[in-house]
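As a basis for the values below, the full set of heavy atoms in this structure was taken, side chains included, without hydrogen atoms, waters or symmetry mates.
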Amino acid sequence: MSDKMKQRFAYAFGAFGHDAYYVTLSTYFMIFVTSTLFTGADKATEAKYIGLITSLVVGIRLVEIIFDPIIGSIIDNTKSKYGKFKPWLVIGGLVSAVALVIIYTNFFGLAVSQPSLYLGLFAVIFIILDSFYSFKDIAFWSMIPALSNDTAERGTLATFARFGSSLGANGTTALVVPIVAFFTAMTGGKGDESAAGWFWFAIVIAVISAGSAIITAKFSKENNTILRRQEKNEKYSIVDVFKAIFMNDQLMWLAISYMFYAIANVATTGVLMFYFKFVIGRVSEFALVGVISMITGIIAVPLFPILTRLITRRYVFILGIILMLLGYTSFLVAGNNIGIITLGLILFYFPQQLIFLSVLMTITDSVEYGQWKNGVRKEAVTLSLRPLLDKLAGAFSNAIVGFVAIAAGMTGIATASDITASGIRTYHLYAFVIPGVLMLVSMIIFIWKITLTEKKHAEIVKELESRYKKDENTKL
């Protein structure tokens, strides 16, 4: 196998572990909190501390978001014999993996016996987790422009990565219920889930995440191209970092468009388990979500290069949003009809990989766009914006799961028969209606403001190469 293919597969495996971790943190951690963390406490106490945990998670993630571009700047200024990305990928992967396992515990019973002490310790561990996860996240996705200048090869790398991401995230969704149930039974628990079951589930994901980061670092190689040689190692203040982002108009508008999409997407995926558990009363069939999302991802990801050649990534993004809106419509009219629900899941999940790749490739190409427009090349700072937005969306996902669980009565030992018509309407509003509106806004902004096409990027690269070759010849 060639070094290029090894790099592609290693990057795909890194994405597999990375997205398995992301969905475990952004979706299933709050399921663990609302279902088993405070088992043994009375209903009022349980609701109170679920609300406090939700507030802590959202608050910490929102505060740390402003530091992501600074983290990108630190990575950009890193010099080591392993390059600037690998050290942070490995260190971030190992520390965040350990922290994930810790937060999937009740801290030796403190969550029930001394909840105030538990909250203080949890805040410290979660800050450590979120900080090192950010280093890993930004380092991983910022590698693409460093591995190749060619749009086609970048597209191939991103396609491999998103294929791995799809398997990681959707495989986790498909297997979370049986894995938790298996370890619940193995540890002597009753029913489908227990604190011990969730703990061992977190260990499985942590090992995969850390291991995949190490594999990616081992088999990837940064290219020292003429464009990358122009990147200067400078110390940037927080104002300078955000100025570099805001001066890149394509990056800024794409960030705004993607923010609306990402928040809408995680608002729905974060509470889909509630849909099966409480709305239609068929939690055992929740694995259908993971199976459908995995199959549609396997089909969609290889289609991306073909579709972009036929209709360009601009129209791939637009078509994807339209299909997801049709998926929301299906959920709203489905009732308990599993056939219509299945159709809704297909329409909702099939475009996700295509939309992500369209956004990722446009952000990646904005590295050269910013270099061309402003004379500054900052790979990690530029690529940090997408993880920043996903973290923002993840924070909202945590908030929405906690809010919906409490507002709709979907906590603790509640069952589908306990949920009122008002509770189901509340669920529909926050899981389908509001996210649908946000996705529509995302599409409008994308159509209105994004002009950085594949053709324009190729012209920019050609112009930059010509400019820098001329400068190097002049110096000689």
Mind checking whether I295 and N170 have side chains closer than 4.5 Å, heavy atoms only?
no
Using side chain to side chain donor-acceptor pair (under 3.5 Å), reason through S220 and K6 one step at a time and then give a plain yes or no.
CA-CA 8 Å; S220 59; K6 287 180 182 178; over 6 Å; no
To the nearest 0.5 Å, atom CE of M30 lies from atom CG of L37 at 9.5 Å
Looking at F304, is R162 sitting on its ring face, NZ or CZ under 6.0 Å from the six-membered ring centre and within 45 degrees of the normal?
no
Check step by step if side-chain contact (heavy atoms from CB on, under 4.5 Å) holds for L119 and Y49.
CA-CA 9 Å; L119 288 175; Y49 284 103; 3.7 Å; yes
Can you label the angle between the H18 ring and the W141 ring as parallel, tilted or perpendicular, going by 30° and 60°?
perpendicular
Taking the side chain as everything from C-beta on, heavy atoms only, tell me whether S366 gets closer than 4.5 Å to L254.
no
Separation of T362 OG1 from R313 CZ (nearest 0.5 Å):
4.0 Å
Relative to each other, are the rings of Y328 and F432 parallel, tilted or perpendicular (30° and 60° limits)?
tilted
Using side chain to side chain donor-acceptor pair (under 3.5 Å), reason through Y28 and T173 one step at a time and then give a plain yes or no.
CA-CA 9 Å; Y28 299 114; T173 298; 3.1 Å; yes
Would you check if F286 and V289 make a side-chain contact, meaning some heavy-atom pair closer than 4.5 Å?
yes
State yes or no: are the ring centers of F183 and F201 separated by less than 6.0 Å?
no
Note, F260 side chain near L440 side chain (heavy atom, < 4.5 Å):
no
In this structure, CZ of F16 is separated from OG1 of T216 (nearest 0.5 Å) by 12.0 Å
For the residue pair D249 and Y369, establish whether any side-chain heavy-atom pair is separated by less than 4.5 Å.
yes
Assess whether ring-ring contact (aromatic ring centres under 6.0 Å, His included) is satisfied between F140 and Y11, documenting all intermediate values.
CA-CA 9 Å; F140 181 82; Y11 202 63; 4.4 Å; yes
I need the I205 CD1 to Y22 OH distance, nearest 0.5 Å.
15.0 Å
Would you say the ring centers of Y133 and W88 fall short of 6.0 Å from each other?
no
Can you find a heavy atom in the side chain of L167 that is under 4.5 Å from one in the side chain of I298?
yes
Evaluate the side chain to side chain donor-acceptor pair (under 3.5 Å) criterion for residues E454 and T312: first the C-alpha distance (whole Å), next the side-chain angles of each, then the deciding distance (0.1 Å), finally the verdict.
CA-CA 8 Å; E454 296 92 324; T312 75; 4.9 Å; no
Between F348 and the options N265, L325, I292, the side-chain contact (heavy atoms from CB on, under 4.5 Å) test singles out N265
Steps toward ring-ring contact (aromatic ring centres under 6.0 Å, His included) verdict (Y104, F199):
CA-CA 5 Å; Y104 267 87; F199 171 72; 8.9 Å; no
Are the side chains of W372 and V461 in contact, using a 4.5 Å heavy-atom criterion?
no
Side chain to side chain, K221 and Q7, heavy atoms closer than 4.5 Å
yes
